[in-house]
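This report refers to the structure that appears directly beneath it.
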Amino acid sequence: MVKILTRKSIGKQTVYDIGVERDHNFVIKNGLVASNCFNKSHSTAYGYVTYQTAYLKANYPLEYMAALLTANSDDTDKVQKYIATCMSMGIQIEPPDINRSGVDFTPSGGKILFGLSAVRNVGQNAIAGILEAREEEGEFKSLANFCDRVDLRAVNRRTLEALISCGAFDKMDSNRNQLVHDLELIYDWAQSRARDRATGQGNLFDLLGSGFSNTSTNKTPNGFESAPKAKPVLDFPPQEKLRMEKELLGFYVSDHPLKAVRQAARVLSPINLSQLGEQKDESTITAIVMLNGVKKVMTKKGDPMAILQIEDLTAQSEAVVFPKIYERINSLLAVDVRLIIWGKLDRRDDQSQLIVEDAEPVETVQMVMVELSPLQATTIEEQDRLRTILLNAQLGEKEKAKVPVIGIIQSENSRHYIRFGRQFWVLDSRIAVHSLQNARFTAYVQNLQ
């Protein structure tokens, strides 16, 4: 007989969470069942799988993370989280490569390659055709060679544009804009050659390229050298390349607009978006983010506000800008803009979002850097002097003070960065630095970017 110690309702269902002296799975009267009662074999199985998983991650991190990314490839939030994990583990994620990528995420040379199936507008038939052509005749030499060898009925123009734009041809030619222009001519040229081969006819350029040998029914090895090319054009700007990568892969891969401020972000924004769920409701949050979407909405009173889709290097989230704040910062809210935002965490229905209280473009953010010796950092008198100077530098407008203050503690073998609390941020960086220098502190202004 089992002695029931506790009984707790878990909702409207006819199921109760029951605490017992020993582990059991059993049915109680009136059709109710005991939940969360796992026997030893069940727990052992979970423990064994956990051990195997930990072993693989510790000893085969590249293969493990590639498999994890592949298994969750249809979940954008999880993939972004795992890509951030790869970065923290020192594992680089590369864009798809037409000569090396397989269907899924693949370990290659100490890195993980995006799979071709991850590219939007690239279907399974196209992937099968690409891999088959690569298996038969080896690596592709150029865009023209690629178009000449694959079945263009499966690999259409839209697919090729997607592969070029996401960087799959970068190892052959990194000028994606040039490849897009070349494609207009090469695609028609390759289709013409395919029709000629299908009807058993040769091509004049093929004949010239092969010394007039009888190759009318075969693809000539060097036929692609006669392919037409467009006039030289400049490559897309880096930001445009990243935008196209994000559109086609769902992520920034070859680079990220926030990577340039990653070090500063760790100091100013120690809590990243993937950690929001771990924070207490109404916690004060500072975040350095990209704006992926801005949706303007109207309140019942007719006042404009906005719902933002934001992301950092670890995750995506949502932020809300209420009317009073929206009136002040709406000119900053545009897609693909990098912002530092200040706000409070709001948790509703197990979903976390930020209530924005202020924002500023990353490009205009300045920090006051104060270098301190270990003695200065630990002496009460020096701490009081520093505190007084910073509070005076707010000029009586504490709420408007938006310049972060960062302390740098330099010892013989280490250099530590300390983020001062928001209450010590200053209104004017130049005035603050001048006051600190007059008080014999080593201080200077540094841009976030």
Side-chain angles (χ1 to χ4, degrees), residues 95-101 114 116-134 136-199 201-210 215-216 218-250 253-255 336:
D97 186 332
I98 206 66
N99 279 323
R100 295 160 56 219
S101 290
F114 250 84
L116 296 175
S117 62
V119 186
R120 291 185 181 135
N121 303 328
V122 179
Q124 293 302 317
N125 290 338
I127 295 172
I130 292 168
L131 297 181
E132 182 181 353
R134 199 170 74 192
E136 287 179 356
E137 300 180 47
E139 292 188 353
F140 302 107
K141 302 296 188 296
S142 66
L143 178 61
N145 178 238
F146 177 88
C147 292
D148 191 38
R149 288 167 51 185
V150 302
D151 184 354
L152 295 180
R153 291 170 297 181
V155 187
N156 57 35
R157 193 188 301 263
R158 188 183 183 196
T159 296
L160 281 162
E161 288 175 349
L163 289 168
I164 290 169
S165 297
C166 76
F169 286 90
D170 277 8
K171 293 294 174 63
M172 300 178 192
D173 187 343
S174 61
N175 188 333
R176 298 180 193 177
N177 194 20
Q178 183 68 57
L179 289 176
V180 169
H181 281 74
D182 289 346
L183 180 62
E184 296 297 320
L185 303 174
I186 289 173
Y187 193 82
D188 292 338
W189 167 85
Q191 281 188 319
S192 176
R193 283 169 61 85
R195 286 193 296 268
D196 289 344
R197 286 194 295 270
T199 58
Q201 298 181 35
N203 179 288
L204 176 60
F205 292 106
D206 291 348
L207 295 174
L208 291 174
S210 59
T215 59
S216 60
N218 299 306
K219 301 177 187 179
T220 58
N222 298 318
F224 68 88
E225 294 177 353
S226 64
K229 285 184 67 68
K231 293 181 180 179
V233 294
L234 294 176
D235 199 2
F236 296 118
Q239 284 296 107
E240 178 65 10
K241 283 188 172 184
L242 290 178
R243 186 196 65 77
M244 291 189 292
E245 277 184 22
K246 178 71 180 296
E247 180 181 331
L248 292 164
L249 301 177
V253 181
S254 62
D255 200 355
D336 293 335

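With salt bridges taken as basic N to acidic carboxylate O contacts below 4.0 Å, one links K241 and D235. Salt bridge present: R176 and E245 bring a charged side-chain N and a carboxylate O closer than 4.0 Å. With respect to the salt-bridge test (charged N to carboxylate O, under 4.0 angstrom), the residues E161 and R158 do not qualify. Looking at K141 and D148, no side-chain N of the basic residue comes within less than 4.0 Å of a carboxylate O on the acidic one, giving no salt bridge.
Note that the CZ atom of R193 and the CG atom of D196 stand 8.5 Å from one another [nearest 0.5 Å]. Atom CG in N175 sits 8.0 Å away from atom CZ in F236 (nearest 0.5 Å). Rounded to the nearest 0.5 Å, atoms CZ (R157) and CD (E184) are 5.5 Å apart. Within the model, atoms CG of L143 and CG of L160 stand 6.5 Å from one another, a figure rounded to the nearest 0.5 Å. Atom CG of L179 sits about 8.0 Å away from atom CG of D170, to the nearest 0.5 Å. Here the CG atom belonging to L152 is positioned 8.5 Å from the CZ atom belonging to F146, to the nearest 0.5 angstrom.
In this structure, R120 contributes its side chain and E247 its backbone to a donor-acceptor pair below 3.5 Å. No side-chain donor-acceptor contact under 3.5 Å links E137 to the backbone of R149. Side chain of N145 to backbone of F140: no donor-acceptor contact under 3.5 angstrom is found. Using modelled atom types, no side-chain atom of D173 and backbone atom of S142 make a donor-acceptor pair closer than 3.5 Å.
Considering only heavy atoms from C-beta on, V122 stays 4.5 Å or farther from S117 through its side chain. By the 4.5 Å heavy-atom criterion applied to side chains, E132 and D151 are not counted as neighbours. Residues D336 and Q239 form no side-chain contact, since every pair of their non-hydrogen atoms from C-beta on lies 4.5 Å or further apart.
The two atoms that bring N99 and R134 nearest to each other are C-NH1, 3.3 Å, heavy atoms only. Listed here is the closest heavy atom pair of L248 and A162: CD1-O, 3.4 Å. The two residues L116 and P96 come nearest to each other via the heavy atoms CD2-CB, 4.2 Å. What you find for I164 and V180 is that their closest heavy atoms are CG2-CG2, 3.8 Å. The heavy-atom pair separating D182 from A230 by the smallest distance is OD1-N, 2.9 Å. For the residue pair C147 and L183, the shortest heavy atom distance occurs at SG-CD1, 4.3 Å.
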